[in-house]
Asker: 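First the structure, then my questions, so here it is.
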Amino acid sequence: MKQWKSQNEDIEKEKNIFDIHNDEDELDYEATLKRRLAGPSVLKSGQESVDQERINEIIYEASKGSKYFEAEQKRDLELRMRIERVRQEVKEYYRKLEHNNAFQKEWAERTDQIDTYMQELQSCRDLSQVIVHVDCDAFYASVEELRNEKLKNIPMAVGKGVLCTANYMARKFGVRSAMPEFIAKKLCPELVVLPLDIPEYAVKSKEIQNLLLEYDQNLCPASIDEVYMNLTPYMNRNKLNKDEDTMQQVIMEIRNKVLKITGVSISCGIAANKLLAKIASNMKKPNDQYLVPIEAEVIEKFMSKLPTRRINGIGRVLEQELLGLDIETCGDILNNRTLLSYIFREKTFQNLIQCSLGIGSTIVQDFGDSYRKSIGCEITFSNAIASGGLLESKLQALCQSLAESLSKRDLIANSISVKIKTDTFQVHTRQKNLREYIFNDTDLFCEALRLLRMEYPLRIRLLGVRASKLTNKASYIASRIKFSKQNSVSCPVCRIDLKDDLAVVNQHIDLCLNTETVKKVIDNEKKEIPLKRKRNTIDAFFRH
DNA sequence: TACATACAC
DNA sequence: GATGGTGTATGTA
């Protein structure tokens, strides 16, 4: 609690300093808030014909006065202040650059270093692959349209409370994903909003993926409505030339096939790597395709004109921070590389440079659930709930569904976190590493409750619980099985000898397992067997 | 390790 | 009157 307060005090202090500014700043500040409230998907397709200024004004007026508005206002102010501080920093660098010889030298050396780094990157540029990014157009909405033809001709969106997606008819009104329903209705009173039916969308998604499998057996779903493919093996197999026309033709064929068979229109990006393919699929949405020629010079020229926000990973905040330095495009990033190296952390800086050169990964591989880092669930209440029995019963329910998700995937967790959002939209998490792995609802609830109660008194609009440091239950158990005799193993729980057959062992352990005994076994064995094993080792164990 | 923030969809 | 849920990465202390 202490940290949050002191942080706020700092902000209050700075705010006072910033109150002494002129009208121009005041206007500017309102404009950025309006842009912020407009949401993150302003750049999405279907907005071309929209009067964005007018829409933003309506959203702003509809939001005004709410607690959400105040929270956003505060966040916007914090960002403005951060940007202003950086601008001062920049001024100082440029002043030093004019008068300070030592600094001039340092700056020049750093520029050389960066240039060497960039040359290295360029020399490793992989232009041997044809990568495709497939993106379904207004996916949830188009699945709903398939179920009910009439929806095609009326503005429609899918979601509850907050919209997940809107059809193109609705987008003409400025209706977008992540927009609250009540604002969407203000922009378009006749908007039809349908409830989500994720299982149905998942079926359609699989249908599409199955069609695409013909073109790449290793295709990698990036989300329910997005897939990356490596088209190279397909092209080679069919002895197809990798010239632009042929590639465009293959993609055209894929798009036609998907539309004809599944009824869903898709947009595709064709390029040398995933970064470029993703940008490309967004260039001509909906129901179209775009190819970035697989040539270093063309790629660099393409990137230099590209607004920074087009890069996957550069969002509203980083975009604003860069704009604060008069950086609008990836070309600007490269031209200001030395300055940026002073301002951003190593990792952020390197990422900016790499992206701006159009360099990205060409690895298209689906790791499925095996590298999952965390799993959780959260819920927003219709009215904020105060500390007490009701809140705790909500936590219990969340832990129950978390336990289900864990067991569905055969996972156990070594760390747990509780997330809360106050009625003033401040988010906090409390996390704890555990002494043992847990997975059932009782244990999850017990640990989560402890974390939650430490924060009392509370009044919150959202509660969440998340399990992390995951490992596979069967693998974990197997890792502690002792091979007592040839062709036989002993159960780690009850020690009985079992046939060395994975199915037999698993079945027995499932029967044998209950939390108390697992705890005992783990405690007893802690000293003898290292707790953490690399997942790879365990997986390798099972392959043999 | 713990927490906050940013980002994507 | 009113602004979601799930998951990842990264910076900081």
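So you know, we letter chains A, B, ... as the sequences are listed, proteins then strands, and number each from 1. Since the structure is predicted, the reported quantities are computational estimates derived from the model, not experimental observations.
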Asker: Using heavy atoms to find the nearest nucleotide of DNA chain C for A:Val162 and A:Thr348 separately, return the residue whose nucleotide is more 5′.
Answerer: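 By nearest-heavy-atom nucleotide position, the 5'-most residue is A:Val162.
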Asker: Does C:dG7 have its OP1 or OP2 closer than 4.0 Å to a side-chain nitrogen or oxygen of A:Arg466?
Answerer: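 Yes, such a contact exists.
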Asker: Taking only side-chain N and O atoms of A:His428, does any of them lie within less than 4.0 angstrom of OP1 or OP2 on B:dC3?
Answerer: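 For A:His428, the contact criterion (side-chain N or O under 4.0 Å from OP1 or OP2 of B:dC3) is not met.
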Asker: Would one find a side-chain N or O of A:Lys67 under 4.0 angstrom from OP1 or OP2 of C:dA2?
Answerer: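 No, no such contact exists.
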Asker: From CD of A:Glu378 over to C1' of C:dG7, roughly how many Å is that when rounded to an integer?
Answerer: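 That distance rounds to 10 Å.
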Asker: When you check the phosphate oxygens OP1 and OP2 of C:dG7, does a side-chain N or O of A:Arg372 lie under 4.0 Å from one of them?
Answerer: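 For C:dG7, OP1/OP2 do have a side-chain N/O of A:Arg372 under 4.0 Å.
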Asker: Using a cut-off of strictly less than 4.0 Å, decide whether A:Thr429 has a side-chain nitrogen or oxygen near OP1 or OP2 of B:dC3.
Answerer: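 Negative; the distance criterion is not met.
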Asker: For B:dT1, take OP1 and OP2 only and decide whether either is under 4.0 Å from a side-chain N or O of A:Lys469.
Answerer: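 So the side-chain polar atoms of A:Lys469 do come within 4.0 Å of the phosphate oxygens OP1 or OP2 of B:dT1, strictly under.
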Asker: Looking at A:Asn312, does any N or O in its side chain come under 4.0 Å of the phosphate oxygens OP1/OP2 on B:dC7?
Answerer: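 Negative; the distance criterion is not met.
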Asker: With a 4.0 Å cutoff (strictly under), does any side-chain N or O of A:Lys160 reach OP1 or OP2 of C:dG5?
Answerer: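 Result: no.
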Asker: Just N and O in the side chain of A:Arg430: are any of them under 4.0 Å from OP1 or OP2 of B:dT1?
Answerer: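 Looking at the OP1 and OP2 atoms of B:dT1, neither is under 4.0 Å from any side-chain N or O of A:Arg430.
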Asker: May I ask you to verify if any side-chain N or O of A:Ser66 is less than 4.0 angstrom from the OP1 or OP2 atom of C:dG1?
Answerer: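 For C:dG1, neither OP1 nor OP2 has a side-chain N or O of A:Ser66 closer than 4.0 Å.
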Asker: For C:dG5, does OP1 or OP2 lie under 4.0 Å from any side-chain N or O of A:Arg461?
Answerer: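 Answer is no, no contact under 4.0 Å.
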Asker: Measuring to OP1 and OP2 of C:dT8, would you say a side-chain N or O of A:Ser374 lies under 4.0 angstrom away?
Answerer: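 Affirmative; the distance criterion is met.
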Asker: State whether A:Arg345 places a side-chain N or O below 4.0 Å from either non-bridging phosphate oxygen (OP1 or OP2) of C:dT12.
Answerer: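 Yes, within the criterion.
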Asker: With DNA chain C as reference, determine whether A:Phe182 or A:Glu346 sits nearer its 5' end, using the nearest nucleotide of each.
Answerer: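 Nearer the 5' end of the strand: A:Phe182.
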Asker: Rounded to whole angstrom units, what separation is found between the CD1 atom of A:Ile416 and the P atom of B:dT1?
Answerer: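 After rounding, the reported distance stands at 16 Å.
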